[in-house]
2 protein chains.
Amino acid sequence: MSTTIEDVAKAAQVSVATVSRALRGLPNVAPSTRERVVAVAARLDYVADPTASRLAGGRRMVLGLVVPMLGQWYYAKLFSGVEAVATVAGYDVLPFTTSGPGGSERFVASLPFRKRVDGLILADAPFDDEQFAAVAGTGIPIVSLGSFLPGVWGIAVDNAAAARLAVGHLTGLGHTRIALIGGIPDDPFRFSVPVDRYNGYQDALAAAGLSGDPALVVPGNFSAEGGAEAMHKLLAAPTPPSAVFACSDEMAIGAIQVARDAGLDVPGDLSVIGIDDHDISAYVGLTTIRQDVTGQGERVAHLLLERLEGESDAKADVHEPHPTRLVVRRTTGPPADVAARPRTLDRTVT
Amino acid sequence: MSTTIEDVAKAAQVSVATVSRALRGLPNVAPSTRERVVAVAARLDYVADPTASRLAGGRRMVLGLVVPMLGQWYYAKLFSGVEAVATVAGYDVLPFTTSGPGGSERFVASLPFRKRVDGLILADAPFDDEQFAAVAGTGIPIVSLGSFLPGVWGIAVDNAAAARLAVGHLTGLGHTRIALIGGIPDDPFRFSVPVDRYNGYQDALAAAGLSGDPALVVPGNFSAEGGAEAMHKLLAAPTPPSAVFACSDEMAIGAIQVARDAGLDVPGDLSVIGIDDHDISAYVGLTTIRQDVTGQGERVAHLLLERLEGESDAKADVHEPHPTRLVVRRTTGPPADVAARPRTLDRTVT
DNA sequence: CAGCACCCTGCAAGCGCTTTCACCCTGTGT
DNA sequence: ACACAGGGTGAAAGCGCTTGCAGGGTGCTG
């Protein structure tokens with residue numbers, strides 16, 4: 001079939017052991033020998049069979065990435081970042097999805113990553129305590145992305161702070177009826193991005209002396225479609241909001257569309273802010289909280305590699321925050337009543 | 001370490017061979033034996049080590065997916081579709097990117113998929129003839145997505161037809177100065193999505209009795225940013241277009257933003273149509289040509305599996321077209337001069 | 001009742017590599 | 001000149017599974 005290490009050994013007049021060592025840059029190979037082996041390998045077009053190396057070496061050289069789904073902007077960017085770093089380090093990355101048929105139940109029941117990965121990146125995995133314990137119980141090194149888990153290295157943005165930043169921007173503009181489009185805040189999940197953002201939202205309202213209105217908190221499924229549905233609900237509320245904080249840009253865009261279809265001017269009649277800074281947000285003028293998703297993917301991959309290759313246990317948990325930043329564009333502005341009397345804006349805010 | 005097939009064999013009082021057969025559903029295992037083995041395996045929480053099976057079985061159980069990059073909407077959707085089908089069939093999917101550092105040169109020089117995949121899906125891979133020959137020369141079964149290659153099974157939308165549909169929509173509305181934002185039409189690549197769309201664009205212009213203006217054809221890099229840059233160029237043209245056909249929705253959105261910033265009304269002063277029907281296109285009101293990317297991914301994965309598992313050589317090339325459809329929303333309309341005298345629209349078109 | 005199929009099962013040889021261990025051959029110190 | 005350290009190399013034992021082959025039962029035919 002294709003050339004094996006034995007072919008190279010024969011051609012270079014050395015043993016397979018020496019070929020293995022020479023090609024992998026291990027010590028204890030005479031420079032002249034190495035040179036010859038490398039040359040022969042190149043001539044024969046030899047590459048080591050990763051399957052065999054993995055079996056013999058005991059290391060899978062695979063990083064598992066657990067995400068709700070592929071195909072959504074956030075997870076695609078994440079994958080991209082993880083993949084870039086993993087590839088350079090010689091690892092493959094194997095995605096596992098937890099939404100779709102069976103969802104996390106199926107995932108936890110089958111633990112499909114067993115014997116397939118050296119380590120696992122858990123990104124927004126919707127596991128409850130028991131499910132998480134099952135995953136962790138496999139003994140496979142885990143790092144998390146999105147929220148911090150006790151005993152698990154991870155990186156995440158400060159979601160509560162990001163939400164406060166977003167809502168603070170709105171209260172700062174003078175808004176008092178601010179809606180939240182986000183996940184269901186009472187999910188029993190360990191990964192609590194929606195919860196954190198909800199809390200940040202409430203905090204920011206309180207900080208501005210506002211009392212939240214439960215009617216203004218609706219789920220949005222983190223998709224444009226969900227954002228649109230959410231906006232429909234908000235517009236049907238007894239007293240609709242003058243501003244919306246959507247927990248993702250896609251939801252924000254869906255919401256804006258519905259608002260405009262309903263004849264509202266954005267930002268004249270309704271301000272909308274998102275989170276992410278999606279690739280196209282700049283091109284629809286969406287005000288948002290930027291987070292660098294690809295960068296987070298790269299970082300979390302490094303973190304996992306560090307755990308796998310380093311003397312990990314020596315160190316304490318790594319819980320590394322990732323920065324976010326307010327990007328003001330053209331979907332937020334003062335509420336209509338305040339805009340009418342701009343001079344008093346400052347006092348109105350207070 | 002973890003439980004191996006031998007542990008199961010011992011516990012079930014059979015040989016490892018029998019365990020292997022029983023667990024994989026092979027024939028020639030007594031029902032009672034199989035039952036016992038399955039029970040023991042379940043009790044011991046046994047799963048076969050894929051690395052070992054692969055080595056022994058000679059099949060990698062991996063599908064390679066070659067794309068320019070991950071992280072872009074189109075490729076993320078594609079990956080998602082491929083992954084879904086592959087997973088069900090027991091295959092992993094391993095992505096390879098051809099853009100980024102080194103580009104396709106690096107890819108072709110290292111042929112990183114060697115000994116790692118059973119088959120390859122080439123999606124919009126920017127290879128010239130020689131490079132493609134190098135990839136095909138590895139003897140690994142290949143299917144293509146995006147364009148048809150001689151001797152290679154593949155699926156693709158009819159890009160020329162899609163472009164004709166888009167441009168035909170614009171000429172039908174009465175536009176006569178229609179720009180194209182797309183790839184560089186003279187790339188020497190085998191994968192000719194931009195070329196096909198360019199040709200379709202020219203065809204549609206000709207069919208409407210219009211002569212193309214080279215100044216109205218600009219590259220756009222298939223990103224919102226590229227679309228924006230392209231639009232800047234178009235607006236600076238001696239005679240700017242009244243309509244734009246962008247070869248992707250992301251470029252279309254970037255272009256619209258720039259046009260509106262320049263004070264143009266879309267679609268009043270400028271019509272814009274894209275291709276893809278990106279998830280958020282519906283929510284920015286973009287008129288576009290829809291293609292089902294996830295569905296194409298599923299289909300092409302099936303096709304590859306069929307090639308791998310079937311008696312493939314018996315059949316002729318499979319070149320399977322995938323449907324597209326015009327979705328009219330709110331970024332296209334008659335040109336300003338025609339809109340002013342709607343009664344004569346039909347004759348103006350002719 | 002002999003003879004033959006046919007089932008079911010186990011043995012053992014790999015799959016292509018990594019890694020331990022032992023060995024040999026230099027070069028150095030005394 | 002002799003012992004010793006240590007770098008360079010090869011033989012061989014796996015890694016955990018799949019599969020070809022052979023063997024032992026069982027049931028059926030003539």
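Here is how names work: the chains are called A, B, and so on, in the same order as the sequence lines, proteins then strands, and each is numbered from 1.
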Q. Is the closest basic N to carboxylate O distance between B:E309 and B:R59 below 4.0 Å?
A. yes

Q: Under 4.0 Å between any heavy atoms, over every strand shown, what does A:R21 touch: base, sugar-phosphate, or nothing? Just pick one.
A: base

Q | N/O (side chain, A:T18) to phosphate O (OP1/OP2, D:dT9) under 4.0 Å | A | no

Q) CZ of A:R114 versus P of D:dC17: gap in Å, rounded? A) 12 Å

(Q) Whether A:R24 contacts C:dT19 is assessed here as follows: a side-chain N or O lying under 4.0 Å from the phosphate OP1 or OP2. Is that the case? (A) yes

Q: Quickly work out the B:K115 NZ to C:dC17 P distance and round it to whole Å.
A: 5 Å

Q. Below 4.5 Å, heavy atoms only, C-beta onward: do A:P50 and B:K115 meet side chain to side chain?
A. yes

Q. How long is the line joining CG of B:L26 and C1' of C:dC7, in whole Å?
A. 15 Å

Q. Looking across every strand, which nucleic acid part, if any, lies under 4.0 Å from A:A30 by heavy atom: base, sugar-phosphate, or nothing?
A. sugar-phosphate

Q: Assess whether atom CD of B:E105 is packed by more than 12 heavy atoms of other residues, nucleotides or ligands within 6.0 Å.
A: yes

Q) Whole-Å distance between C:dT18 C1' and A:E6 CD? A) 14 Å

Q | Length of the line joining B:D49:CG and D:dC15:P, which is rounded to integer Å | A | 12 Å

(Q) Does A:E320 have more than 12 heavy atoms from other residues, nucleotides or ligands lying within 6.0 Å of its CD? (A) yes

Q.
By the 4.0 Å heavy-atom rule, please label B:A17 as base, sugar-phosphate, or nothing.
A. base

Q: Return the value, rounded to whole Å, for the distance between atom CE of B:M61 and atom P of D:dG16.
A: 21 Å

Q. Are B:S53 and D:dC17 close enough that a side-chain N or O sits under 4.0 Å from OP1 or OP2?
A. no

(Q) Within the 4.0 Å heavy-atom criterion, would you say B:T33 contacts the bases, only the backbone, or no part of the nucleic acid? (A) sugar-phosphate

Q. For A:T51 and B:P31, take the nucleotide of DNA chain C holding the closest heavy atom to each; which residue's nucleotide lies nearer the 5' end?
A. B:P31

(Q) Whole angstroms only, please: what is the CZ-C1' distance between A:R116 and D:dG16? (A) 15 Å

(Q) Under 4.0 Å from OP1 or OP2 of C:dC17: is there any side-chain N or O of A:S20 that close? (A) no

(Q) Please classify the nucleic acid contact of A:G57 as base, sugar-phosphate, or nothing, using heavy-atom distances under 4.0 Å. (A) sugar-phosphate

Q. Can you check the A:L23 CG to C:dT18 P distance for me, whole Å?
A. 9 Å

Q | Candidate nucleotides C:dG16, C:dC17, D:dA11, ranked by approach to the side chain of A:Y46 - the nearest | A | C:dC17

Q) Has the side chain of A:H319 got a donor or acceptor atom that lies under 3.5 Å from a matching backbone atom of A:V152? A) yes

Q. Looking at C:dT18, D:dC17, D:dT9, which one has an atom nearest to any side-chain atom of A:V16?
A. C:dT18

Q) D:dG16, C:dT18, D:dT9: which one has an atom nearest the side-chain heavy atoms of B:A56? A) D:dG16

Q) Looking at residues at least two apart in the chain, or sitting in another chain, which of them share a side-chain hydrogen bond (donor to acceptor under 3.5 Å, both in side chains) with A:S53? A) none

Q. Which part of the nucleic acid, if any, lies within reach of B:N28 when heavy atoms closer than 4.0 Å are counted: base, sugar-phosphate only, or nothing?
A. base

